[in-house]
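Shown next, in structure tokens, is the structure this report addresses.
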Amino acid sequence: GLVGSEMCIRDRFYSFPKELCQLTQLEEFNFIRNQLTNIPPAFFNCKKIKKLNLWENQLETFSPEIGQLTELEYLDVTRNKITHLPQEFENLQSLTNIRIFNNQFSAFPTSILKLKNLTSLSMDGNKIEAIPADFSGLKSLEQLQLSGNQIKEIPLDIQLPESLIGFHISGNQIKKIPPAIFKHKQLEYLQLGHNQIEELPREIGSMINLQQLRLSGNRLRQIPTEIENLKNLTSLYLDGNQLTEINTPKGKFPKLNWLWLQGNKLSEYPIPLGVAPNLMHINISKNSLTHLPPKIGQLKKLDQIHLYFNQLKTLPPEIGNLETLRYLFIYNNEITDLPSEIGLLKQLWTLNINNNQLKSVPPEIGQMELLAEINFENNPIEVLPQEFGKLKNLMTLKIDGNRLNESMIQIFTSIPKLYTLDLTHSSVKMDMLKKAKSALPNTTINHIIGRRYVPNSKKDNNDLPF
């Protein structure tokens with residue numbers, strides 16, 4: 001409908017209504033989720049349009065008359081079938097934001113390169129195979145997004161505008177990072193993930209303003225020590241590579257918040273990178289860690305740590321120093337016991353330690369008053385401490401596949417907020433489940449006998465076989 005100088009149409013139009021070409025006072029036009037294959041040249045007489053949304057249509061190109069929209073500032077043609085742009089596109093000198101996600105470009109449209117006021121160009125999800133060497137004509141460009149194309153290389157002599165702070169070119173077929181990239185020290189975001197890069201040049205250390213570096217899903221075997229120079233780095237993604245070690249002997253990484261290292265071949269926890277003073281999120285799962293160093297206790301601001309699918313046998317007592325930790329994921333390891341200091345994790349919400357060799361749980365677990373979810377699945381636990389009943393905020397307890405005896409039912413009944421109790425494949429007998437049902441009327445209890453699944457919930461309590 002038309003509202004003032006704005007129009008939004010989101011019906012299943014297969015052709016462009018001719019009467020719209022007469023709305024010459026329009027400043028914003030939204031013609032989204034239709035089936036348009038073209039825009040009539042007459043529409044571009046609406047020269048006051050500043051914002052044009054045409055996403056999710058079937059457009060293949062624009063007529064040369066689009067060059068008449070000299071006041072156009074924003075263009076979104078995401079999810080169309082556009083293969084090229086007319087040369088007249090370079091006349092759109094008021095454009096500041098272009099979004100051409102998920103179209104059919106196989107070549108980079110050179111007419112864009114003369115748009116001096118463009119601040120953001122998004123061409124992710126096309127079929128572009130090569131990019132130009134000179135982007136310097138885009139004098140106002142701040143964000144360049146070219147991820148998810150078929151780009152095979154970054155030109156050796158690439159020139160990026162001095163205004164650029166974000167270069168996103170993940171999900172392509174790039175094998176090398178040319179040194180010319182590292183001349184652009186103003187870059188704050190560099191995304192090169194999911195390519196075929198085997199080496200990170202030492203020149204990376206010159207990018208002193210870099211805040212986010214994404215190199216996930218490449219073929220890196222080592223990281224140069226020069227990465228220590230990136231003092232402004234807040235997020236580092238190195239997951240899905242072939243790293244066996246990370247050598248940063250002098251690095252302090254004072255601003256690092258996010259560290260993603262999962263899916264590598266690390267056998268040692270990386271120090272000092274892994275104990276950056278402001279680290280809040282760390283994922284070092286799917287590696288070959290056999291132990292954690294005591295220094296992990298220095299992570300006073302850590303919110304979550306992912307350590308699943310390693311070969312850990314225990315946790316250091318210093319784990320109790322992680323005063324702000326809310327999420328601890330250590331499933332699929334070889335852990336046989338937990339240190340009593342785990343009770344000091346007063347802020348912990350989620351503890352996931354399923355598929356380990358845990359035989360007992362320390363009584364100090366009762367001190368973790370905010371704990372809302374516990375997963376102890378598939379451990380050889382036979383008994384839980386009486387202090388377990390003090391977990392007044394526990395809502396979900398998954399303890400299936402253990403060896404718990406029936407005395408545990410009484411402990412469960414003392415947990416006031418327990419909503420889900422999973423005893424699948426446990427040794428608890430049906431008569432004890434009947435008692436549990438009576439004592440926990442608001443709790444969903446899951447239990448499997450052989451191949452038979454017996455749910456217990458508010459809805460189907462009456463259908464239980466006891």
Side-chain angles (χ1 to χ4, degrees), residues 262 269 279-286 289 291-292 296-297 299-404 408 411-412 414-426 443-444 446:
Q262 70 267 33
Y269 188 91
L279 206 58
M280 297 177 64
H281 305 268
I282 182 167
N283 191 331
I284 194 168
S285 58
K286 297 182 180 179
L289 301 184
H291 67 282
L292 295 179
I296 199 169
L299 298 176
K300 300 295 185 180
K301 297 183 179 181
L302 197 64
D303 180 75
Q304 57 181 269
I305 183 167
H306 301 255
L307 294 161
Y308 51 88
F309 284 102
N310 277 285
Q311 299 168 27
L312 299 174
K313 292 180 171 56
T314 188
L315 297 178
E318 289 79 6
I319 196 83
N321 296 335
L322 307 181
E323 299 172 354
T324 61
L325 191 67
R326 293 191 302 162
Y327 302 94
L328 176 58
F329 299 95
I330 46 177
Y331 55 87
N332 287 87
N333 278 279
E334 301 171 10
I335 296 173
T336 57
D337 58 77
L338 294 173
S340 59
E341 287 82 0
I342 200 167
L344 299 174
L345 301 179
K346 305 291 187 181
Q347 302 299 315
L348 200 69
W349 287 4
T350 298
L351 173 60
N352 193 326
I353 190 172
N354 61 292
N355 291 295
N356 276 275
Q357 298 298 316
L358 197 63
K359 297 179 180 179
S360 62
V361 178
E364 286 79 5
I365 196 170
Q367 301 171 16
M368 302 163 73
E369 295 182 353
L370 295 181
L371 201 55
E373 180 179 357
I374 297 177
N375 190 334
F376 281 151
E377 294 175 346
N378 299 320
N379 282 282
I381 300 173
E382 295 185 359
V383 64
L384 293 174
Q386 291 295 321
E387 289 80 0
F388 206 85
K390 296 181 180 179
L391 298 175
K392 61 183 181 180
N393 287 300
L394 187 64
M395 292 185 289
T396 299
L397 175 58
K398 296 180 179 180
I399 201 159
D400 54 303
N402 281 272
R403 301 173 183 173
L404 291 176
M408 296 297 99
I411 294 178
F412 301 150
S414 62
I415 303 175
K417 294 184 179 180
L418 190 61
Y419 184 78
T420 300
L421 175 60
D422 197 336
L423 295 168
T424 306
H425 294 125
S426 72
T443 301
T444 298
N446 295 334

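Computed from a predicted model, the values in this text were never measured in an experiment. Heavy-atom basis, side chains included; hydrogens, waters and symmetry copies ignored.
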Is the backbone of [Y] close enough, under 3.5 Å, to the side chain of [X] for a donor and an acceptor to pair up by distance?
| X | Y | value |
| --- | --- | --- |
| Asn310 | Ile284 | yes |
| Asn321 | Ile319 | no |
| Asn379 | Ile381 | no |

Drop me the distance from [X]'s [atom1] to [Y]'s [atom2], to the nearest 0.5 angstrom.
| X | Y | atom1 | atom2 | value |
| --- | --- | --- | --- | --- |
| Ile282 | Gln304 | CD1 | CD | 11.0 Å |
| Ile296 | Leu302 | CD1 | CG | 7.0 Å |
| Asn378 | Asn402 | CG | CG | 7.0 Å |
| Leu299 | Met280 | CG | CE | 12.0 Å |

Does atom NZ of Lys301 have more than 12 heavy-atom neighbours, drawn from other residues, nucleotides or ligands, at distances under 6.0 Å?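 Result for NZ/Lys301: open.
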Count the heavy atoms of every other residue, nucleotide or ligand shown that sit under 6.0 Å from CD of Gln311, and state whether that count exceeds 12.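 More than 12 within 6.0 Å, yes.
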List for me each residue that meets ring pair (Phe, Tyr, Trp, His ring centres under 6.0 Å) alongside His291, sequence neighbours excluded, and say none if there are none.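 Ring pair (Phe, Tyr, Trp, His ring centres under 6.0 Å) check on His291 returns nothing, list empty.
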Within a strict 4.5 Å, meaning less than it, do heavy atoms of the [X] and [Y] side chains meet?
| X | Y | value |
| --- | --- | --- |
| Ile305 | Leu328 | yes |
| Lys313 | Thr336 | no |
| Asp303 | His281 | yes |

Would you list the pairs meeting salt bridge (charged side-chain N to carboxylate O under 4.0 Å, His left out) in which at least one residue belongs to residues 340-352, sequence neighbours left out?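 Output for this query is empty, none listed.
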Using residues 389-397 as the side-chain source, report each donor-acceptor pair under 3.5 Å to any protein atom, sequence neighbours left out, with the distance given to one decimal.
{"unit_1": "Asn393", "atom_1": "OD1", "unit_2": "Lys417", "atom_2": "NZ", "d": "2.9"}
{"unit_1": "Asn393", "atom_1": "ND2", "unit_2": "Glu369", "atom_2": "O", "d": "2.8"}

Which residues share a side-chain contact (heavy atoms from CB on, under 4.5 Å) with Ile411, sequence neighbours left out: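 With sequence neighbours excluded, Ile411 shows a side-chain contact (heavy atoms from CB on, under 4.5 Å) to Gln386, Phe388, Met408, given in chain and number order.
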Not counting sequence neighbours, which residues clear side-chain contact (heavy atoms from CB on, under 4.5 Å) with Asn283? List them please.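 Asn283 satisfies side-chain contact (heavy atoms from CB on, under 4.5 Å) with Trp260, Gln262, Ser285, His306, Tyr308 only.
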Determine all donor-acceptor pairs shorter than 3.5 Å in which one atom belongs to a side chain in residues 356-365; sequence neighbours excluded.
{"unit_1": "Asn356", "atom_1": "OD1", "unit_2": "Asn333", "atom_2": "N", "d": "3.2"}
{"unit_1": "Asn356", "atom_1": "OD1", "unit_2": "Glu334", "atom_2": "N", "d": "3.2"}
{"unit_1": "Asn356", "atom_1": "OD1", "unit_2": "Ile335", "atom_2": "N", "d": "3.0"}
{"unit_1": "Asn356", "atom_1": "ND2", "unit_2": "Ile330", "atom_2": "O", "d": "3.1"}
{"unit_1": "Asn356", "atom_1": "ND2", "unit_2": "Ile353", "atom_2": "O", "d": "3.1"}
{"unit_1": "Asn356", "atom_1": "ND2", "unit_2": "Asn354", "atom_2": "O", "d": "3.1"}

Should Asn352 and Tyr327 be marked as a side chain to side chain contact (heavy atoms under 4.5 Å, CB included) after you check the CA-CA gap, both sets of side-chain angles, and the distance that decides it? CA-CA 8 Å; Asn352 193 326; Tyr327 302 94; over 6 Å; no
Work out which heavy atom in Phe412 is nearest to a heavy atom in Leu384; give both atom names and the distance.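 Reported closest heavy-atom pair: CE2-CD1, 3.9 Å.
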Please give me the minimum heavy-atom distance between Pro316 and Pro339, naming the atom from each residue.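 Distance-wise, the nearest heavy atoms are O-CG, 3.9 Å.
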For the pair Leu292 and Leu307, evaluate side chain to side chain contact (heavy atoms under 4.5 Å, CB included) and give the outcome as yes or no after the intermediate values. CA-CA 10 Å; Leu292 295 179; Leu307 294 161; 3.6 Å; yes
Which class fits the ring pair Phe329 and Tyr331: parallel under 30°, tilted 30 to 60°, perpendicular over 60°?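 Answer is perpendicular, since the angle exceeds 60°.
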